[in-house]
Amino acid sequence: MDTTKHKMTSQFAKDVHEGLSAPQKFLSSRYFYDATGDKIFQQIMAMPEYYLTKCEFEIFNQQKDQILSAINPGSKFNLVELGAGDGYKTKILLEHFLKQEANFEYFPVDISGDVLMTLKTDLNDRFPQLKVTNLNYEYFEALERLNELDDSPKVILFLGSNIGNFTPERAQSFFEKLNKVMRPGDKLLSGIDLKKDPHTILEAYNDPTGITRSFNLNLLKRMNRELGANFVIEDWDHFPTYDPFTGECRSYLMSCKKQDVTIEATGHTYSFRDSEPVHMEISRKYRLDEIEDLAGKTGFEVSQHFTDSRDYFVDSLWNKV
Ligand SMILES: C[S@@+](CC[C@H](N)C(=O)[O-])C[C@H]1O[C@@H](n2cnc3c(N)ncnc32)[C@H](O)[C@@H]1O
């Protein structure tokens, strides 16, 4: 590989360099989802410990009618899903909305082109009458492009507790930015994980079969393959924590020994101490009053909370004020 030619040309390489050069090292969780990461995430969603997917699945199954009544503007609308993934739970809503003859088109947004292609093929087979337009862009670029294409009212879905991956400051700036690209009458339905028994939460991120571990380690394999890095996977371990005060579940990769790793695409060598953590992901949990506060601070008002039978998870519907 001609390293000088490839050095830092990709955003991936720049982000990795920024994270591994910081005093407290980190890697962005957005890079978890290559083709293998997408597949491992599907296994995570199927794990008994990973209650989040099951709760949102239950909410959609039990309350799809109420959700449709609450979001339907009565005219044609665009259903836009940020970070659609495999659309596993969204299909419940899509099927119901079609049965009820709601007038809508579906726009899944995802930076993973693989995942979008698979989703579109599946939806075309299952629901040939549904118009699906893939938006293979980062969230805000996708929304700006859609605003240029079509001015029907938007219902934006941001499911699966994706917002939990943001720090409180980033969550606030994310919703402020989202508010700016939304038009009056647009709605936002966000899936948010709620604070609960800390054991239940931690187990969801530390399953005994090691699926979450392999999900985290897969990012090192991706860097080896795509950035010419020389991580030795066996020299790294997965370490999750949960802080019940902040509601933050954090996962780290720990260096099992003192070691150096060279990444051709960044042109740098990074030194790791024995037991040095690299922060990978935050999964933040909220209380309903914290969600209402966040909505109010970012230009929204909460229209309705849809919770599961155990009050583990909420799909919170917001109106742009
Ligand atoms: C955790 S999965 C969630 C999938 C699905 N929404 C669910 O609830 O199961 C997150 C998805 O968001 C996508 N994603 C992450 N960051 C993104 C960004 N900034 N712009 C667009 N897509 C993003 C990833 O590629 C991945 O498919």
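Note that ligands are numbered from 1 as they come in the structure, with each ligand's atoms numbered from 1 the same way. For reference, positions follow the sequence shown, starting with 1.
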Donor-acceptor pair, distance only, cut-off 3.5 Å: does the side chain of H268 make one with the backbone of T266? yes
Ligand-side contact atoms (ligand 1) for residue partner E81, heavy atom cut-off under 4.0 Å: 6 (N)
List the atom of N162, the atom of Y139, and the distance in Å for their closest heavy-atom pair. ND2-OH, 3.8 Å
Atom 22 (N) of ligand 1 sits nearest the protein heavy atom I111 N, 3.2 Å
Nearest non-hydrogen protein atom to atom 10 (C) of ligand 1, with distance, is N162 OD1, 3.7 Å
Please state which protein non-hydrogen atom is closest to atom 7 (C) of ligand 1 and give its distance, to 0.1 Å? K89 NZ, 3.4 Å
Under 4.0 Å from one or more heavy atoms of G85, ligand 1 contributes atoms 4 (C), 27 (O)
I'd like to know if the side chain of E264 and the backbone of N230 have a donor-acceptor N/O pair within less than 3.5 Å. no
Compile the donor-acceptor pairs under 3.5 Å between side chains in residues 67-75 and protein atoms, sequence neighbours left out, one pair per line.
from, atom 1, to, atom 2, distance (Å)
S69, OG, D65, O, 3.1
N72, OD1, G74, N, 3.0

Is the closest heavy atom of Y137 to ligand 1 under 4.0 Å? yes
Assess whether ring pair (Phe, Tyr, Trp, His ring centres under 6.0 Å) is satisfied between Y33 and F215, documenting all intermediate values. CA-CA 9 Å; Y33 301 94; F215 183 63; 5.7 Å; yes
Taking NZ in K39 as the centre, count heavy atoms belonging to other residues, nucleotides or ligands within less than 6.0 Å. Is the count above 12? no
With a 4.0 Å cut-off on heavy atoms, does F41 reach ligand 1? yes
Aromatic rings F57 and Y88: how do their planes relate, parallel, tilted or perpendicular, breaks at 30° and 60°? parallel
Could you list which atoms of ligand 1 come closer than 4.0 Å to a heavy atom of L159? 8 (O)
Subset of ligand 1 atoms that lie under 4.0 Å from at least one heavy atom of M45: 9 (O)
Heavy atoms only: which of Y33, F57, Y139 lies closest to atom 17 (C) of ligand 1? Y139
Side chain, backbone, both or neither: which part of A84 has a heavy atom under 4.0 Å from ligand 1? backbone
Residues 254-261 side chain polar contacts: donor-acceptor under 3.5 Å, at least two apart:
from, atom 1, to, atom 2, distance (Å)
S255, OG, K257, O, 2.6
S255, OG, Q259, NE2, 2.8
S255, OG, R273, O, 3.4
K257, NZ, D235, OD2, 3.4
Q259, NE2, D235, O, 3.3
D260, OD1, S271, OG, 2.8

Those atoms of ligand 1 less than 4.0 Å from some heavy atom in G160: 8 (O)
Of G164, P108, G83, S283, the residue with the heavy atom nearest atom 4 (C) of ligand 1 is G83
Any N or O on D110 sitting closer than 3.5 Å to an N or O of ligand 1? yes
Look at the side chain of K196 and the backbone N and O of Y312, then say whether any donor-acceptor pair between them is shorter than 3.5 Å. yes
Ring centroid separation for Y242 and H199, is it under 6.0 angstrom? no
Going by distance only, is there an N or O of V109 that falls short of 3.5 Å from an N or O of ligand 1? no
